[in-house]
Amino acid sequence: MTMPVSTAGLEDLWKRVGAILETDAPLPSRIAEAALAATGAREAALYLRERDAWVRAGERLAGEADCPPLPDPLPEGIFVRDGDLWLPLSVEGEVHGLLRLLGVESAPESSNALAFLFGAVVGANRLARQVRDAEFELKARLLELESLYDLGLSLGGQLDLSALADEVLFRSISLTDAGKGTLVLVEPSGAVLLERSVGGDVFAARDVKSWSLPDGGLINNEAASEPTSGLALNSCQKCLVVSIAVPGRRLGVLAVADKESRDGRVLDFSATDARILSLFANQAAAAIETARLHRDAVEKERMERELELAAAIQRQILPRDLPNVAGLEIAARNVPTRQVGGDYYDLFPLSRGRLGFVVADVSGKGIPAALLVSTVHAAVHLQIDEAPTIADLFARIDRHLQRYAVTRKFLTCFFGLIEPDTGTLRYVSAGHNPALLRRADGRVEQLGATGVPLGMFPNATWKEKETTIGAGDLLCVYTDGVTEALDSREEEFGMERLTTLVASSDSPDELCKAIFAAVDAFAAGVPQYDDQTLLIVRSKT
Amino acid sequence: MSETCKVSSERRGDVAILWTDGYINNQGGEEIAREAYSHLDQGVRALVLNLEKTRIVNSIGISILIEVLEKVMDRKGMLAFCGLTPTIDKTFRIMGLAQYAEIFPTQDEAMKKVTSQTA
């Protein structure tokens, strides 16, 4: 049975139910209570359209939770079905709700007016909800804009990569309503610099540098059934992946997955989502690059401070003045490079007019090399009076290094002992460049290594050799910074040039100046990366 | 931060404090709503939501919080938030939550105000 809906009796009905409809109770309860008051029915239920189904509104109302099967299409007006009266609540032909009066088989007089009135109420309520949803959407768009603005401001001053990654990832997940998200930053080598995930890891691997991604980001709303080729992703239903890149270089990848809905479904990612994520990735790329440059600058500053400290250590260790030893002329000079190597020289006036001297070159540069030089310096000063021979001195220094050196480095070392009285030179060379002994007649002899570098092998031994050093003989001990000085073609100064210079001069001072002048001229302004040290001794007697 | 949002609560007189830990999305929002409605049904008049262990909220979570707020207002009750990150604070203000619910920096400040108004 169906009946047309009319508005007759609406005013009278409003007087009876209006007060109930204006209460603060939830809308379904208000409608049901008003319907009962207007019709005298015992129970009422209200069903509202939720997407494609009729869903009971108001948990405490009568009727089954699931709407009973109804004719499709619905009758145009009020109808009776299975002993209940059904009032379609419609506005301008669109049915927004169904009021069910249980156990009522004949339409009360007020039914038409009731259907019209409640139709208007439900329609207005739906309209209000649509307005509210639209307002919510508008606010959500405003939030997106504000977030982009805030992210720009926040990242602009953010130099902590970790905090920066959190900021980008959290906002990305939040604004796309994603269930999970992952951000991976990589070094230029491809090694992972930093990774963050929320809700689970979107990626199954980290070889993100080689992934092929379009400029605007990659949307895969069929990820569950069609895995994204070329990208190692963990199982997800839908995903959106964008590249974080500066021109010519990928810094990382940002991905979100499984966009949520209020009813628990996983929604498709949209072009708007991809645009937002791409904008975030662009801002992140600029900020990450800035943070990286800052980190590099801080590292450079730290290294410069370290070099200054190393240079200070070295300056403290090298002798300030050269000793006066009867029968000997001495010159020595150390030219440290900007990177501070580990050259060391020292002189020890000993009893009976003897002179001990050492020239050493530590492997490596900076603080570690400076510390090792410091250790060697201490060991030499501690042991020089105790050791019966130079070879024994070297064994003691080596044991000291093996036991106390904080870094596993080694050094080449030449130690000489001149006895002017006897014209004897005894020496040990631990893998050091050959010292040059220029005889008074101009011949130049090389005093080669008598053992391995110090600190290299435990229990190593060194041979002690002896030669004469007579009147006019000159000994030149140097470090490889001299012979390996480079010119602009990366050619080395070499032994030949040094030997020629040594052969041509009788004065240690003049020879020292001449060698450094020749090396400078050879290098012609090319920066050198190794210390240069010379120690020259000439016997006058 | 937890993978899934955990919600714990404690009733103090007419006020219930809810602590969240994790992402307030659909799941997290539902957890909050369940806990909040349970307290409201037992006569609690005011809710204080402490979000100090939450760093992300999405729009689904916000819409559920709005539903909770509406239910609290239907019952003439009061809802307050505290422990918000600056980002979430701004999000709540833009999305309108701050129009009807007060936001406090700390739980103590929120409790002081809520307790004085429900006494």
Side-chain angles (χ1 to χ4, degrees), chain A residues 23-27 29-30 59-60 128-129 132-133 135-151 153-154 163 166-182 196-201 256-267 273 276, chain B residues 1-6 20-34 37-38 40-41 51-77 84-101:
Chain A
T23 64
D24 287 336
L27 183 69
S29 302
R30 278 181 273 158
E59 290 176 5
R60 291 172 189 169
R129 210 164 79 183
R132 197 175 58 181
D133 288 350
E135 190 186 13
F136 189 86
E137 276 299 307
L138 198 64
K139 286 174 177 170
R141 297 285 86 78
L142 176 64
L143 181 62
E144 282 175 11
L145 288 173
E146 286 285 332
S147 291
L148 277 169
Y149 177 72
D150 286 349
L151 191 66
L153 284 181
S154 168
D166 282 348
E167 181 88 22
V168 172
L169 181 62
F170 291 171
R171 286 184 188 268
S172 299
I173 291 172
S174 171
L175 285 188
T176 57
D177 287 335
K180 58 184 175 180
T182 296
R196 287 281 187 288
S197 285
V198 170
D201 195 340
V256 289
D258 298 345
K259 185 181 177 77
E260 297 186 335
S261 73
R262 179 68 180 88
D263 57 10
R265 289 176 302 140
V266 175
L267 302 179
D273 293 323
I276 291 170
Chain B
M1 193 168 61
S2 303
E3 298 283 303
T4 55
C5 184
K6 296 182 181 71
T20 64
D21 182 355
Y23 182 14
I24 300 183
N25 54 356
N26 200 0
Q27 175 268 332
E30 292 286 5
E31 291 284 328
I32 294 170
R34 193 167 21 254
Y37 297 161
S38 167
L40 291 174
D41 288 346
L51 271 60
E52 66 187 11
K53 289 186 178 171
T54 284
R55 294 170 74 183
I56 318 179
V57 179
N58 70 8
S59 74
I60 315 294
I62 290 168
S63 66
I64 297 174
L65 290 177
I66 290 173
E67 288 171 18
V68 172
L69 177 59
E70 286 173 348
K71 186 153 281 191
V72 170
M73 290 170 67
D74 280 347
R75 298 185 183 200
K76 311 289 184 206
L84 309 185
T85 66
T87 302
I88 294 178
D89 186 300
K90 185 163 187 180
T91 300
F92 280 11
R93 291 182 194 284
I94 289 174
M95 297 304 290
L97 273 164
Q99 280 180 299
Y100 303 104

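In the text below, chain A, chain B and the rest are named by the order of the sequence lines, each starting its count at 1.
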When the 4.5 angstrom heavy-atom criterion is applied to E167(A) and chain B, the contacting part is side chain

Counting only heavy atoms closer than 4.5 Å, note whether S261(A) contacts chain B via side chain, backbone, both or neither. backbone

Heavy-atom pair of closest approach, residues A140(A) and M95(B): N-SD, 3.8 Å

Could you grab the distance from atom CD1 of I94(B) to atom CD of E144(A), nearest 0.5 Å is fine? 11.0 Å

Distance check, rounded to the nearest 0.5 Å: D166(A) atom CG versus T85(B) atom OG1? 11.5 Å

By a 4.5 Å heavy-atom criterion (distance strictly below it), what part of D150(A) contacts chain B: side chain, backbone, both, or neither? side chain

Is the closest basic N to carboxylate O distance between E70(B) and R132(A) below 4.0 Å? yes

Output the distance between atom CG (D263(A)) and atom CD1 (I60(B)), rounded to the nearest 0.5 Å. 8.5 Å

Please state whether the side chain, the backbone, both or neither of I66(B) comes within less than 4.5 Å of a heavy atom of chain A. side chain

Just verifying a value: how many Å separate K139(A) NZ and S59(B) OG, rounded to the nearest 0.5 Å? 13.0 Å

Rounded at 0.5 Å granularity, tell me how far OG1 in T91(B) sits from CG in L175(A). 7.5 Å

Give a yes-or-no answer on whether the side chains of N26(B) and E260(A) include a donor-acceptor pair shorter than 3.5 Å. no

Show the nearest heavy-atom pair for residues Y23(B) and D177(A), with the distance to one decimal. OH-C, 4.1 Å

Can you see which heavy atom on E146(A) is nearest to which on K90(B), and at what distance? OE1-NZ, 2.8 Å

Heavy-atom side-chain proximity of N58(B) to I173(A) below 4.5 angstrom: no

